[in-house]
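Notes for the one structure printed next.
Each chain gets a letter, A, B and so on, in the order its sequence line appears, and its residues count up from 1. Bear in mind that the values here come from a model prediction, so they are computed numbers and not experimental data.
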2 protein chains.
Amino acid sequence: MPPASSRPRPTLLDVAAAAGVSKSLVSLALRGDAGVSERTRERILVVADQLGYRPSLTARTLKQGRSMLLGAVISSLDNPYHTEIVAAVEQAAEAAGFSVVLAHGSRERGRLAGRVQQLLDLGVDGLVVVSSWVPEEVLVTAARRAPVVMVGRTATPVAGIDSVNNDDEQGAALVVDHLVASGHRRIAHVTSSTRPAGIARRSGYEAAMRAAGLGAEVRVVRPEPAALDALVQDGTTAVFARNDVEAVDVLDHALDVGRRVPADLAVVGYDDTMLARRARPALTTVQQQRDVMGTRAVALLRERLDGRTDDVHEVLEPRLVVRASA
Amino acid sequence: MPPASSRPRPTLLDVAAAAGVSKSLVSLALRGDAGVSERTRERILVVADQLGYRPSLTARTLKQGRSMLLGAVISSLDNPYHTEIVAAVEQAAEAAGFSVVLAHGSRERGRLAGRVQQLLDLGVDGLVVVSSWVPEEVLVTAARRAPVVMVGRTATPVAGIDSVNNDDEQGAALVVDHLVASGHRRIAHVTSSTRPAGIARRSGYEAAMRAAGLGAEVRVVRPEPAALDALVQDGTTAVFARNDVEAVDVLDHALDVGRRVPADLAVVGYDDTMLARRARPALTTVQQQRDVMGTRAVALLRERLDGRTDDVHEVLEPRLVVRASA
DNA sequence: CGGAACTTCTGGAACGTTCCAGAAGTGCGC
DNA sequence: GCGCACTTCTGGAACGTTCCAGAAGTTCCG
């Protein structure tokens, strides 16, 4: 058998020759242009199909300067929160006729800058940044080449860059209110994050505690064995962790030292990732509307492509998902 | 501020004009061709840099028929086993100068065929298929357009398509041998799979049991509450699940009904995903050499691109990872 | 000093599209 | 039977590269 690549793909010219028309007409017919008679269109479609013609997106992109490709930048593939957002973005992109090219950083912060450059060189029409590890200056330079939208990352707004986020402060408040309503007073917050989302959740927690008259009970600890030990010993009855991953850590630790969840200790996470669903007991957590995030992110990019120049920052309402752990 | 896209990207011609040479020379200089004097090369590089020139991969692809793009096809982003393989592939691809475009199916089997088509239209130079949901005929037609390699999916070999797999039978044997060496005799296999990998693991389990003189103890059950109940009640002391996901199900169920793991019931998974690391107790499991899989997959594609026409099927040795659960 | 052999550079064609200006062909009113 | 509008179709240029054939310019040797 000859190598697979031996027979070159048919081009517009091949179809045109076979159908006895000009290449331009084939192009028009295949793209459904109005000024083509029904008879010839039919014939051209049949011939194209017979030859197995497929248009070259590369040539098309070169000509019209649009690739219908979107780049998604993500810190690492093994963080379910990020991958789930990407899935939502991809779905929305597909619905809008775009494909998504993924670039991830596998923890190495420096790598991401290079990957962003690669995406731009590839000719993506827009960039969805899910990871907060991409340095701001990289985003700013990238935005000069293609519209950029940050999603799922609460951060100081960057000029020229749109964003879609959930309201982390409000999400934290939902958690605190739920716990208070269940009779808890000694509610601690577990967090290891110095990143924007983490900070917002923390301040949301503190504000909600104060609003509930529990300002004196505010307690923030890091998810480390010693700190968790102390937490479990000292009469804390509920823990709000900054994300599902850390909530599971708390959960495991509590169970390890013989506490019952939620009877002895209620545990709440954030993000509603598959970890929350899989945990035992299943985690109460805060859900961000990931599908909406995806849809809006793609929509914002398209608006930019259509010429919008002012910045848009969308904030979505989070929702509390009550499961067994609190 | 004018729209971001207002200033068009500089092209070879712009650089050539600015440097006072021909576009061809700029092209040669930037690609490091030998026949360019050191002085002019230097000057061209400086000018290109000043103008912020970046070559258009689209134009390059069109001209030389190579996109340096690899497509990765995966069932869904939320299966850590698959995403972790993709991460390995991407890493290997990057090392070889390729970028990876991801297409996933989100469970909808039909969608994948369309996504494969999209990748091919995009002009990928090769296809890495991680998901076993892609129908064989789709793979076969795809292979006529670009080399295809299946990875992490044990399956009947398809003519014209390479593969990289781990030896599932041997992996299952490793598990059984380990359990037998720990004194277990009543070792059950939990599986819900009728797919190639699942079948291979099952038959590996059965063969190893027989080899250990435990043919009479062979017991295969589905990961459903009733079946697991029965399992836990009837004196089974060890369970080998067909993957980490189902192992975690078994684990949770056993703990729920008050069994201790591993004291009352040993549990072993397969794949060594992050689930295994995160489980409590941490799962003993079988590790496939994912990084090697990625490297080999990319290597096989490159060989095809360089003209190899005979099929290659690589089988990697799995490794037992002993953790707390067995 | 003529020309062979290098080195260094150049212009044009090509890749497969899209798009534009305009060429045929058709129908119609007068 | 002529002009006009309308429909249907066409050829060429363009997108930004790469690559090839070959043009200058330089060196070197007899």
Side-chain angles (χ1 to χ4, degrees), chain A residues 5 7-45 47-48 51-69 97 120-125 145-146, chain B residues 5 7-45 47-48 51-69 97 120-125 145-146:
Chain A
S5 55
R7 184 150 40 91
R9 292 172 49 184
T11 78
L12 271 187
L13 253 63
D14 298 321
V15 179
V21 295
S22 76
K23 60 177 179 15
S24 311
L25 191 57
V26 177
S27 175
L28 293 178
L30 291 182
R31 280 177 299 147
D33 189 283
V36 180
S37 77
E38 210 39 63
R39 275 175 46 85
T40 29
R41 177 200 309 286
E42 198 67 34
R43 183 158 43 94
I44 289 173
L45 289 186
V47 171
L51 293 187
Y53 170 78
R54 304 245 84 212
S56 153
L57 295 191
T58 309
R60 179 175 302 178
T61 297
L62 180 61
K63 180 67 206 201
Q64 44 187 31
R66 271 224 184 187
S67 64
M68 288 313 214
L69 229 48
L120 290 172
D121 288 349
L122 231 186
V124 295
D125 287 339
R145 287 240 254 150
Chain B
S5 55
R7 184 150 40 92
R9 292 171 49 182
T11 78
L12 270 189
L13 257 76
D14 298 320
V15 178
V21 295
S22 76
K23 61 178 179 13
S24 312
L25 191 57
V26 176
S27 175
L28 293 179
L30 292 181
R31 282 177 297 146
D33 189 283
V36 180
S37 77
E38 210 41 61
R39 273 175 47 85
T40 28
R41 178 201 308 286
E42 199 66 34
R43 183 159 44 96
I44 290 174
L45 289 187
V47 171
L51 294 186
Y53 170 79
R54 304 244 84 212
S56 152
L57 295 191
T58 309
R60 178 175 302 178
T61 297
L62 180 61
K63 180 68 216 243
Q64 43 188 31
R66 271 222 184 187
S67 63
M68 288 311 210
L69 229 50
L120 291 172
D121 288 349
L122 231 186
V124 294
D125 288 339
R145 287 239 255 148

Option among B/Leu45, B/Leu51, B/Ile44 that satisfies the side chain to side chain contact (heavy atoms under 4.5 Å, CB included) test with B/Val47
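Answer to the side chain to side chain contact (heavy atoms under 4.5 Å, CB included) test with B/Val47 among B/Leu45, B/Leu51, B/Ile44: B/Leu51.
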Here's a test of your reading of the structure: between B/Ser22 and B/Leu62, which maps to the more 5' nucleotide of DNA chain C?
B/Ser22
Closest-nucleotide mapping onto DNA chain C: is A/Leu12 or B/Lys23 further toward the 5' terminus? I mean the 5' end.
B/Lys23
If every non-hydrogen atom of [X] is compared with every non-hydrogen atom of [Y], which pair is closest and at what distance?
X	Y	value
A/Ser56	A/Ala59	OG-N, 3.0 Å
A/Ala146	A/Asp125	CB-O, 4.0 Å
B/Ser67	B/Gly123	OG-O, 2.6 Å

Begin from the C-alpha positions of A/Tyr53 and A/Leu30 and carry the test side chain to side chain contact (heavy atoms under 4.5 Å, CB included) through to its verdict.
CA-CA 10 Å; A/Tyr53 170 78; A/Leu30 291 182; 3.3 Å; yes
Mind checking whether A/Thr61 and A/Leu69 have side chains closer than 4.5 Å, heavy atoms only?
no
Does any non-hydrogen side-chain atom of B/Leu28 lie less than 4.5 Å from one of B/Arg31?
yes
Please classify the nucleic acid contact of A/Arg54 as base, sugar-phosphate, or nothing, using heavy-atom distances under 4.0 Å.
sugar-phosphate
Across the strands shown, which category fits A/Thr11 at heavy-atom distances under 4.0 angstrom: base, sugar-phosphate, nothing?
sugar-phosphate
Need to verify one output field. Residue with the more 5' nearest nucleotide on DNA chain D, B/Ser56 or A/Gly20?
A/Gly20
Nucleotides bounding contact with chain B, strand DNA chain D, heavy-atom threshold 4.0 Å
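First and last nucleotides in contact are D/dG16 to D/dC19.
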Can you tell whether the side chains of B/Arg41 and B/Glu38 come within less than 4.0 Å, N to carboxylate O?
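Judged by the 4.0 Å cut-off on N to carboxylate O distance, B/Arg41 and B/Glu38 do form a salt bridge.
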Here the residues of residues 25-44 of chain A within 4.0 Å heavy-atom distance, strictly under, of DNA chain D are A/Leu25, A/Gly35, A/Val36, A/Ser37, A/Thr40
